[in-house]
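When a residue number appears, it is its place in the shown sequence, counting from 1.
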Amino acid sequence: MEKKVVRIERIAPRDGVAEEPALTAKGYVLGDPRFGKEKHHAKNAVFVRTLDEVAVLVGQGFSLRMKAPGKRESLVSPGMLRIIREGVVA
């Protein structure tokens with residue numbers, strides 16, 4: 001049984017400020033790698049409701065929009081993300 005995702009962190013946050021996944025009314029925002037350099041465009045955004053769904057898509061190469069206080073939201077590549085599952089870092 002897969003352990004539930006507790007949180008997703010940016011490995012090297014900008015200016016050392018902790019970042020978290022951006023949650024909108026539509027859900028968490030991801031960029032589909034099939035869109036290449038245009039994956040950050042709003043028209044190409046993919047939305048999911050849970051962190052577990054986010055983790056699956058990040059594992060498939062999707063980027064995740066992250067936010068931090070005082071910082072502009074940013075689309076972070078999957079290699080720069082850490083997925084924490086019920087006390088286990090993946």
Side-chain angles (χ1 to χ4, degrees):
M1 183 174 167
E2 184 79 20
K3 291 187 180 248
K4 184 171 176 63
V5 172
V6 176
R7 70 182 183 276
I8 299 176
E9 303 172 334
R10 187 174 187 161
I11 292 173
R14 297 169 287 173
D15 298 330
V17 177
E19 296 184 50
E20 61 184 38
L23 181 59
T24 70
K26 293 182 180 180
Y28 295 101
V29 186
L30 297 108
D32 189 331
R34 293 179 297 171
F35 293 109
K37 292 181 179 182
E38 294 190 356
K39 67 180 163 238
H40 66 285
H41 292 191
K43 67 180 181 181
N44 297 326
V46 174
F47 297 93
V48 297
R49 291 281 174 198
T50 69
L51 287 177
D52 291 317
E53 292 171 296
V54 170
V56 168
L57 291 176
V58 166
Q60 294 174 2
F62 283 68
S63 299
L64 176 62
R65 190 160 302 281
M66 301 287 285
K67 66 178 184 171
K71 299 283 181 195
R72 185 176 179 178
E73 288 184 5
S74 131
L75 196 60
V76 181
S77 65
M80 297 303 296
L81 297 169
R82 178 180 300 126
I83 298 170
I84 316 270
R85 288 178 171 52
E86 294 182 352
V88 177
V89 177

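The number of heavy atoms from other shown groups lying within 6.0 Å of NZ (Lys71) is above 12. Residue Arg34 qualifies as open at atom CZ: its count of foreign heavy atoms under 6.0 Å is 12 or below.
Looking at Val29 and Glu73, their side chains never come closer than 4.5 Å, going by heavy atoms from C-beta outward. Within the 4.5 Å cutoff, no side-chain heavy atoms of Val54 are placed close to those of Val5. Within the 4.5 Å cutoff, the side chain of Lys67 has no heavy atoms near those of the Glu19 side chain. Using a 4.5 Å cut-off on side-chain heavy atoms (C-beta onward), Asn44 and Asp32 make no contact. Residues Leu57 and Gln60 are in side-chain contact: their nearest non-hydrogen atoms beyond the backbone lie under 4.5 Å apart. Pro21 places a side-chain heavy atom less than 4.5 Å from the side chain of Met66.
The heavy-atom pair separating Glu86 from Val6 by the smallest distance is N-CG2, 3.1 Å. Closest approach of Pro78 to Val58, counting heavy atoms only: CB-O, 3.5 Å. Summarising the geometry of Ser74 relative to Arg14, their closest heavy-atom pair is CB-NH1, 3.7 Å, with the distance given to 0.1 Å. Looking at every heavy atom in both residues, Gly61 comes nearest to Pro33 through O-CG, 3.6 Å. In terms of heavy atoms, Gly31 sits closest to Leu75 at N-CD1, 3.9 Å. Here the closest heavy-atom approach between residue Ala12 and residue Met80 is recorded as CB-CE, 4.0 Å.
Under the 4.5 Å side-chain contact rule for hydrophobic residues, Val48 and Phe62 share a cluster. Residue Val76 is grouped with residue Leu23 when hydrophobic side chains (ILVMFWY) are merged at heavy-atom distances under 4.5 angstrom, including chains of intermediate members. When hydrophobic clusters are built by joining Ile, Leu, Val, Met, Phe, Trp and Tyr residues whose side-chain heavy atoms come closer than 4.5 Å, directly or via intermediates, Val56 is not grouped with Leu64.
The CZ atom of Phe47 sits 9.0 Å away from the CZ atom of Arg65 when rounded to the nearest 0.5 Å. From Lys4, atom NZ reaches atom OG1 of Thr50 across 6.5 Å, with rounding to the nearest 0.5 Å.
A salt bridge between Arg82 and Glu9 is present, with a side-chain N of the basic residue lying under 4.0 Å from a carboxylate O of the acidic one.
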